[in-house]
Structure formats: C-alpha cells, structure tokens
Amino acid sequence: MQINYFGHFLLTHLLIGLLKKSPSGRILFTSSLVAFTNNLSLKTLNFDLEKPNYFDRHFVYGNSKLSMIMAADIFAKKLKGTGVTVNSVHPLLVKTPLFTKIHAIYKNVFFQMYIWLSQCVFGRDPWEGSQGLVHAAVSRKLKNATGKFFGDYAPWRKPLKAYNKQFCKEIWDASEIYVGLTPEERL
Ligand SMILES: *[C@@H]1O[C@H](CO)[C@@H](O)[C@H](O)[C@H]1NC(C)=O
Ligand SMILES: *[C@@H]1O[C@H](CO)[C@@H](O)[C@H](O)[C@H]1NC(C)=O
C-alpha cells in the first residue's frame, strides 16, 4: 500500500502546484487488472498483516491498485478546468521480475506452474506492456481525456467499487489523514 498507493497519492498532491503552472499536465497512475480482485474497505486500507499468506498478499496488491483508480478519478474531478488531466492505466500481464520473486516466495509447484503458464499465454514483454502508458501520456487524441481507466489503448469499465462515490470519498479522506496532508496541501 505504501509503495503502490500512499506514496503516489502524497507525491501527486505535492506536485499539483507545479503541474497547474504548466501549459498542460497529464498524471497517470499505473494500475493493474488485479484491482478487480480486492477487498478494499476503510479497515483494509492500512491493514497490518501479521502472517500474510498468498491470498492476503494478493488482496493487498489489488487494494492498492483499486485505490489508485479511485484516487485518479477524484484528482480528475478536482482538477477539471486546470489543464491537468488524471487517468489510470493497466498494462495487462507483463513479464517482469515481480513474477520471478513470487516464484521464490511460494514454493508450491501448482502455483508456480499456474504463474508460468499464464505468463506464457498472456504475458507481454515490458516494452509491449509500457505502450498503453506511453499512449495515454502523449496521444493528441487523449489531450482532454480525464478520469478514465485505460487498458492499453481503450477505456475500460472500472471495478465496481470505483463507481461508489461515497466509498471513494471515504477512502480519499482517510488517505489524506494517513499521509499527513496539511489543510493547505489538500485539494
Ligand atoms: C480482507 O483482507 C484482509 C487482509 O488480507 C483479511 O484479513 C480479511 O479477512 C479480508 N476480508 C474479507 C472480507 O475478505
Ligand atoms: C480538447 O478540448 C478543447 C477545448 O474544449 C477542444 O478545442 C479540443 O478540440 C479538444 N481536443 C480533443 C483532442 O478532444
């Protein structure tokens, strides 16, 4: 949560002043398909795992990636009309060292075969995986696109919880407190 979400949430706030001064700015959050499998709530937003098993880790990862989508949406709304757009992107399944590390942690043969097979079938190399992000960052057609969740080149439907405005606001408000934003730094 710290690396994937809270850090980005805070850094983005601290850079808003500069971004607004630029002729135009695009903020992109690198989310993931795993956002669809989450158990995000006010309770799990900053959850301390004592003995995490595979599912716990998976859910925390999904929670961080969903939090990004929800934060991107609220940033987008709050920054409407400033020339700064905010979107989230998921790069599908990319073959990165993340998977080799998972192999090392989970020595279950079936799990390793599952990971290996899905990488072979769906995995793309990091260059391919980066293209959706590059597209969202530079495409002229997407100049005004904001509050979207891109899968590669086209907007996708977001995970259900991202459409619950009240829930998104609760997560946003709690995040402001966790990262210690001062009243002036809040948007
Ligand atoms: C959500 O995730 C946390 C951490 O993995 C876990 O302890 C909790 O039981 C989960 N809650 C639900 C409702 O699945
Ligand atoms: C973006 O919005 C501006 C102002 O409304 C409009 O003039 C322009 O055509 C739009 N660009 C694209 C690519 O949609």
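For ligands, and for the atoms within them, numbers begin at 1 and follow the listed sequence. Below, each value reflects all heavy atoms present in this structure, side chains not excepted, and no hydrogens, waters or symmetry copies.
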Taking the six-membered ring of Phe36 (Phe, Tyr or Trp), confirm whether the NZ or CZ of Arg157 is under 6.0 Å from its centre and within 45° of its axis. no
Would you say atom 9 (O) of ligand 2 touches the protein, meaning some protein heavy atom is under 4.0 Å from it? no
Closer than 4.0 Å: a protein non-hydrogen atom to atom 4 (C) of ligand 2: no
Quick check: His90 with Phe149 (ring centres under 6.0 Å apart)? yes
Once the angle between the rings of Phe75 and Phe9 is folded into 0 to 90°, is it parallel (under 30°), tilted (30 to 60°) or perpendicular (over 60°)? tilted
For ligand 2, which is the ligand I care about here, please tell me if Arg140 has any N or O atom under 3.5 Å from one of the ligand's N or O atoms. no
Ignoring hydrogens and angles, tell me if any N or O in the side chain of Asn63 forms a donor-acceptor pair with the backbone of Asn39 under 3.5 Å. yes
The protein heavy atom nearest to atom 1 (C) of ligand 2 is Asn144 ND2, 1.4 Å
